[in-house]
There are 2 protein chains.
Amino acid sequence: MEKQTITIYDVAREANVSMATVSRVVNGNPNVKPSTRKKVLEVIDRLDYRPNAVARGLASKKTTTVGVLIPDVTNVFFASLARGIDDIATMYKYNIILANSDQNENKEIQVLNTLLAKQVDGIIYMGNKITDELRAEFARSKTPVVLAGTVDPDQEVGSVNIDYIDATEKVIAKLIESDRKNIGFISSQIANPINGQYRLKGYKNALLSAGITYDESFVFESDGSVDAGESMAAQLLEKGIDSAYVTDDELAIGLLNGIINAGVNVPEDFEIISSNNSKITEMARPKLSSIMLPLYDIGAVAMRLLTKIMNKEEIDEKTITLPYKIVYRGTTTLEEE
Amino acid sequence: MEKQTITIYDVAREANVSMATVSRVVNGNPNVKPSTRKKVLEVIDRLDYRPNAVARGLASKKTTTVGVLIPDVTNVFFASLARGIDDIATMYKYNIILANSDQNENKEIQVLNTLLAKQVDGIIYMGNKITDELRAEFARSKTPVVLAGTVDPDQEVGSVNIDYIDATEKVIAKLIESDRKNIGFISSQIANPINGQYRLKGYKNALLSAGITYDESFVFESDGSVDAGESMAAQLLEKGIDSAYVTDDELAIGLLNGIINAGVNVPEDFEIISSNNSKITEMARPKLSSIMLPLYDIGAVAMRLLTKIMNKEEIDEKTITLPYKIVYRGTTTLEEE
DNA sequence: GTGAAAGCGCTAACAG
DNA sequence: CTGTTAGCGCTTTCAC
């Protein structure tokens, strides 16, 4: 007594039409006489027929599913992007196969291959750095790829981001305006071009404009975790650092807590600005000031871009830069903007 | 110049064997002479052949993908479960199609149907309450279903949880030990049996054991958000409530912050115990005491259970109860345990 | 408008 | 150990 499937053939027989006709009504093809459409629909309903998407995928070479590579769903930052992706995907009748990669190259390649084997119509990639091997796979597969919150310095594939240089430059300038002289650049993986190239560049630009000498020892790298941030506090304080720009929210919260534990007042004696404005920034006390990355939108726009590419529509620009804002909350002294 | 696919047939031809043989080596069937296996493998490599999982799925009636219904990936609680699910899925060569449902019944039903249309081999459901309609769909589809962190009072489908009654009873008892008399029960959707039935029952049990009269006005329902928690603080204080058991971490953080804003000392004058120990509990200041739900494990075990069912293995018990712990951190006065 | 028929790429008996 | 042969359930020309 196996899962007894009823097929398009059964419907055709019961409705006294051909499979082709059933296929047409199922797919909303207008070339069907209303009366026969009605008849078919009736049978479909009666038989409780549900089209087999796998068979359809094989025949049409479209699966209406896209693969999504995510470093870790557990990270609010990526989860927010994923939410934007899924919502738009659903809107356009796609489903997403979500796969955690842990930023691990081998896993990424492997996952990518199984995704391609499953004939996904497109891929959204989130991660640190798009390695050459990965890029090669992308190119070879001919499957559309869009990066979300991930940068491709060569701009070969589509991507959605904000202007990280500009945003970082702005917040650093703000810190300088508040008379901070020793501003730390607290980063997760520097290997990620967003951190090591763009944000760092913004940081340097701001210092330059203010005539402050760049001190490499003010740049800190870590794994981006809360713990890393917390244990880093002592070091910063020791170095005489009086404010920090942090590339990740969790890291920022850790740092914030570490600084407070050391008995230093935030924001009076130490200011912090974070980068993603994920919802945890509002859970911290004081609430974290942060660049307001439009996380959901980045995901949503990336998916929208992907649908266009999959649909072979005309694309004006495949490297999309979204606007951002900055919210000054409790970890900075400036309140306006 | 379309995406030119090379098929099992091409490999067979090039290797001078039949498709069946190629299929065998691809699937690791041992009945192949080593020398021909080698030859085939060589051709596969040379042609860069990649098996088409869709075709395979149609022929074998197995897609090696499972559907995962999640209320919202953005919620750390569910994201953690999802991570456990994905890791075990990957381990067993499955992929997951993740779909956000927003706890919305219509969306759930609809998503479920597209998942079934895509012929997923199994389904993991996370959510509030499994409605009758949903249950009916589950039953009708004959596709294995396992609930993760979601309870089925009728125990018809597999599920993985902890003993919520027991856990809640224990923490309430602890609060009582600390001389708290007016303990609030701060909940997200009461309609969720985990809250409205199990946890509430544990709460009542503990009160009963201590000879404290249950006061319904000490039970608060909300949407479970940080904001809800924060804005709720004043009310609780006004009622003379001196401690709270909270069903969700975000809600708990909001409440904590609200209480502190009101100038009340935590934990000296107000204790809080949360329920999920998601990573945000450690970001709060003071750190939240919490029941330590093994989130990752619940997801992992649920997926493992599902693989067994899909594989038609013998199942000893499909309603699994995992052990839990309680961590007393900064929002409670007791430190031991 | 509708039907017939040829696949889509692979698995799964069944022979041999 | 290997090949033959049917399909899996649906889409898609191409006729009519």
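Letters go in sequence order (proteins before strands), and every chain restarts at 1. Only heavy atoms go into these numbers, but all of them, side chains included; no hydrogens, no water, no symmetry mates. Just so we're clear, the structure is a prediction, and the values are computed from it rather than from any experiment.
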Undergrad: Which heavy-atom pair separates B:D152 from B:V157 by the least distance, and what is that distance?
TA: OD2-N, 3.3 Å

Undergrad: Using atom CG of B:N31 as one end and atom P of C:dC14 as the other, report the distance to the nearest whole Å.
TA: 16 Å

Undergrad: Among A:V111, A:V68, A:N75, A:V73, exactly one meets side-chain contact (heavy atoms from CB on, under 4.5 Å) together with A:N100. Which residue is that?
TA: A:V73

Undergrad: Measure distances between side-chain N and O atoms of B:R24 and base N and O atoms of D:dG3, and say whether any donor-acceptor pair falls under 3.5 Å.
TA: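 Counting by modelled atom types and ignoring angles, a donor-acceptor contact under 3.5 Å is found here.
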
Undergrad: Just the rounded figure in Å: distance from P of D:dC8 to CD of B:Q119.
TA: 14 Å

Undergrad: Between C:dC8, C:dG9, C:dA4, which one does the side chain of A:A59 approach most closely?
TA: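 Closest nucleotide to the A:A59 side chain: C:dC8.
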
Undergrad: To the nearest Å, give me how far apart CD1 (B:I6) and P (C:dC8) are.
TA: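 After rounding, the gap between these two atoms is 14 Å.
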
Undergrad: Look at all strands and tell whether A:S23 reaches a base, only sugar-phosphate, or nothing, counting heavy atoms closer than 4.0 Å.
TA: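 Answer is base: heavy atoms of A:S23 come under 4.0 Å of a base.
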
Undergrad: In terms of side-chain geometry, is the basic nitrogen of B:E14 or B:R46 positioned less than 4.0 Å from the acidic oxygen of its partner?
TA: yes

Undergrad: Counting side-chain heavy atoms from C-beta on, which of C:dC10, D:dT2, C:dT2 comes nearest to B:V32?
TA: D:dT2

Undergrad: Could you tell me the separation between the CD1 atom of A:I8 and the P atom of C:dA4, rounded to a whole number of Å?
TA: 14 Å

Undergrad: Under 4.0 Å between a side-chain N or O of A:T7 and OP1 or OP2 of D:dG9?
TA: no

Undergrad: Send over the distance from A:N29 CG to D:dT11 P, rounded to a whole Å.
TA: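 Distance, rounded to whole Å: 11 Å.
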
Undergrad: Contact class for B:V17 (heavy atom, under 4.0 Å): base, sugar-phosphate, or nothing?
TA: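 Since only primed, P, OP1 and OP2 atoms lie under 4.0 Å of B:V17, the category is sugar-phosphate.
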
Undergrad: Where the side chain of B:N27 is defined as all heavy atoms beyond and including C-beta, which of C:dG3, C:dT11, C:dC10 is the nearest nucleotide?
TA: C:dT11

Undergrad: Tell me which of B:N16 and B:L58 sits closer to the 5' end of DNA chain D, going by the nucleotide each one is nearest to.
TA: B:N16

Undergrad: What is the separation between atom CE on A:M19 and atom C1' on D:dC8, rounded to the nearest whole Å?
TA: 11 Å

Undergrad: Closest approach to the side chain of A:Y49, judged atom by atom: which nucleotide of D:dC10, D:dG3, C:dT2 is it?
TA: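 Closest nucleotide to the A:Y49 side chain: D:dC10.
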
Undergrad: Among C:dA4, D:dC1, C:dG1, find the nucleotide with the atom closest to the side chain of B:P34.
TA: D:dC1

Undergrad: How would you label the contact of B:V54 with the nucleic acid (heavy atoms, under 4.0 Å): base, sugar-phosphate, or nothing?
TA: nothing

Undergrad: Using 0.5 Å steps for rounding, measure from the CD1 atom of A:I97 to the OG1 atom of A:T63.
TA: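 Going from the CD1 atom of A:I97 to the OG1 atom of A:T63 covers 7.5 Å.
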
